[in-house]
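Position 1 is the first residue of the sequence; numbering continues from there. Note that the structure is a prediction, hence the values are computed from the model and not measured.
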Amino acid sequence: GDDGRTPRITAARSHASSSLSCAGALAVRAVSSGDMAHLPVIDFSPFTAATAAGAHSQWSGAGGAASLAAAQRDVATRTHEAFSAFGFCYAAGHGVDPGLLSRVLAAADAFFALPEAEKEPIAVERSPSRSRGWQRLGQNVTQGQNDAHEGFDIMRELPRDHRLVVDAPPIHHSDCNQWPAAQPELRSVLEEYVAAMSAAGAAIMRAVAMGLGLPPEFFERFYSEGFWIARMIRYPAAAEASGGAAGAAAPAQTEKQRDREAGRQTGRETAAEGTTMDLGCGEHTDYGCLTLVAADSTPGCLQVRGPDGSCE
């Protein structure tokens with residue numbers, strides 16, 4: 001829950017932007033060496049290299065093991081400090097192929113460029129859980145306001161006899177992802193992306209554990225059967241979102257009625273009457289364990305509010 005000190009996320013909508021994320025509570029954004037930020041930039045290569053097929057040359061040879069252990073302790077300390085102070089950091093040395101990040105962002109752009117008629121068959125309300133698939137601009141709601149973004153959600157698919165299906169209400173767990181017929185390659189790209197992000201997340205969680213004074217593998221038993229959610233999000237430029245005027249109109253009444261019905265069935269928040277789309281995504285805290293965000297180079301599309309109330 002939000003205790004008033006938890007760093008919160010606010011997404012601005014002043015620029016067009018695409019991003020992809022795997023959901024959770026501690027946010028880590030993948031960056032290249034050219035990015036600049038006030039938030040801490042942490043190089044996780046001591047953890048990602050330790051699990052790679054070939055050990056990094058920096059830690060090979062005589063004394064390599066001791067050097068790697070020292071580097072991991074340093075990264076663990078910095079991770080603990082960053083997540084305690086901000087709840088966020090920029091991640092370098094994350095081990096995700098830059099080519100994959102470029103391909104998945106290009107795939108996101110291609111998906112959102114499809115005509116609505118190509119996306120409509122996989123709209124979220126067409127999935128049994130009303131949670132997987134395409135969300136129209138303004139369909140997502142945060143703190144009672146329609147969000148000025150368009151999204152696409154996929155989640156881990158589970159067999160019918162899996163404990164998360166059998167033991168939990170089958171809202172998110174029991175159905176299958178929806179994929180656009182007009183973009184068949186999207187599935188393989190996103191599945192590769194999720195696998196890479198899962199590996200990066202596991203490495204970062206080892207740093208989190210060490211930063212708490214725990215064995216690096218401490219959390220593995222809790223997420224080996226974890227349930228992941230991945231989102232592609234397009235934040236349109238302000239002029240597009242608002243139709244050229246400040247304060248975009250919320251979805252039409254028939255769409256609001258449909259969205260309220262979906263909210264009743266899934267527990268999702270629904271917007272109040274007369275709301276407008278003033279933010280790409282309203283201020284919020286994430287759920288789960290870890291959020292990994294891969295965004296394009298557009299600046300100013302994600303803000304983090306720290307414990308002191310300042311925004312980065």
Side-chain angles (χ1 to χ4, degrees), residues 18-25 104 107-108 110-112 114-142 146-147 149-199 201 222-234 251 254-271 281 284 286-294:
S18 294
S19 68
L20 298 102
S21 67
C22 290
V104 78
F111 172 78
F112 291 123
L114 291 174
E116 286 201 4
E118 300 284 358
K119 294 178 283 191
E120 181 63 34
I122 59 168
V124 290
E125 63 269 18
R126 296 181 183 272
S127 70
S129 66
R130 294 179 177 263
S131 300
R132 302 175 189 246
W134 172 60
Q135 280 190 322
R136 299 166 188 80
L137 178 65
Q139 189 173 5
N140 200 69
V141 176
T142 305
N146 297 90
D147 294 325
H149 75 245
E150 182 183 0
F152 177 73
D153 290 10
I154 62 172
M155 305 175 189
R156 183 184 176 191
E157 295 179 339
L158 299 171
R160 302 291 296 185
D161 60 351
H162 193 281
R163 63 177 179 81
L164 290 178
V165 175
V166 175
D167 297 341
I171 293 177
H172 299 296
H173 301 129
S174 62
D175 58 341
C176 297
N177 294 319
Q178 302 188 99
W179 301 99
Q183 193 185 5
E185 67 277 10
L186 180 63
R187 179 170 187 166
S188 61
V189 172
L190 282 185
E191 287 178 346
E192 183 180 355
Y193 170 79
V194 168
M197 285 298 188
S198 296
F222 298 106
Y223 61 77
S224 60
E225 280 290 317
F227 186 77
W228 55 262
I229 299 174
R231 300 200 76 206
M232 298 193 308
I233 308 173
R234 182 180 75 94
T254 55
E255 292 184 354
K256 280 191 173 183
Q257 291 170 343
R258 179 202 58 221
D259 294 343
R260 285 196 189 90
E261 176 60 26
R264 280 193 291 269
Q265 294 188 39
T266 64
R268 281 190 171 188
E269 186 179 3
T270 55
C281 187
H284 64 283
D286 275 358
Y287 48 84
C289 182
L290 192 69
T291 297
L292 303 177
V293 180

(request) State which residue, out of Q135, Q139, K119, fulfils the side-chain contact (heavy atoms from CB on, under 4.5 Å) condition with E150. (result) K119
(request) List the atom of M197, the atom of L292, and the distance in Å for their closest heavy-atom pair. (result) O-CD1, 3.1 Å
(request) Before giving the answer on side chain to side chain contact (heavy atoms under 4.5 Å, CB included), spell out for R231 and F152 the whole-Å C-alpha distance, their side-chain angles and the decisive distance to 0.1 Å. (result) CA-CA 6 Å; R231 300 200 76 206; F152 177 73; over 6 Å; no
(request) For the residue pair M232 and L190, establish whether any side-chain heavy-atom pair is separated by less than 4.5 Å. (result) yes
(request) Look only at the side chain of R132 and the backbone of D175, and say whether a donor-acceptor pair between them is shorter than 3.5 Å. (result) yes
(message) Going by side-chain contact (heavy atoms from CB on, under 4.5 Å), name the residues that satisfy it together with E118, two or more places apart in sequence or in a different chain.
(response) L114, P115, A182
(request) May I ask you to decide whether R130 forms a salt bridge with E125, counting only side-chain N to carboxylate O separations under 4.0 Å? (result) no
(message) Among residues at least two apart in sequence or on other chains, which ones pass side-chain hydrogen bond (donor to acceptor under 3.5 Å, both in side chains) with Q183?
(response) none
(request) Could you grab the distance from atom CG of L158 to atom SG of C176, nearest 0.5 Å is fine? (result) 9.5 Å
(request) Mind listing the closest non-hydrogen atom pair of F227 and R156 along with its distance? (result) CE1-O, 3.2 Å
(request) Run the salt-bridge test on E192 and R187 with the 4.0 Å N-O cut-off and return the result as yes or no. (result) no
(request) Considering non-hydrogen atoms only, spot the tightest contact between P121 and Q178 and give its length. (result) O-OE1, 3.8 Å
(message) Could you walk me through whether R126 and W134 satisfy the side chain to side chain contact (heavy atoms under 4.5 Å, CB included) test, starting with their C-alpha distance in whole Å, then the side-chain angles of each, then the deciding distance to 0.1 Å, before giving a yes or no?
(response) CA-CA 9 Å; R126 296 181 183 272; W134 172 60; over 6 Å; no
(request) Side-chain contact test, heavy atoms from C-beta onward, threshold under 4.5 Å: evaluate it for N146 versus R136 and give yes or no. (result) no
(request) Taking all heavy atoms of D147 and all of T142, pick out the closest pair and write down the distance. (result) OD2-OG1, 2.7 Å
(message) With a 3.5 Å distance limit and no angle check, can you tell me whether N140 reaches the backbone of H149 through a side-chain donor-acceptor pair?
(response) no
(message) Quick check: do P180 and L186 have side-chain heavy atoms less than 4.5 Å from each other?
(response) yes
(request) For E116, enumerate each residue passing the side-chain hydrogen bond (donor to acceptor under 3.5 Å, both in side chains) test, keeping only those at least two apart in sequence or located in another chain. (result) none
(request) Answer yes or no: is there a side-chain heavy-atom contact under 4.5 Å between V194 and W228? (result) yes
(request) Might you point out which heavy atoms bring D153 and S131 nearest each other, and give the distance in Å? (result) CB-O, 3.5 Å
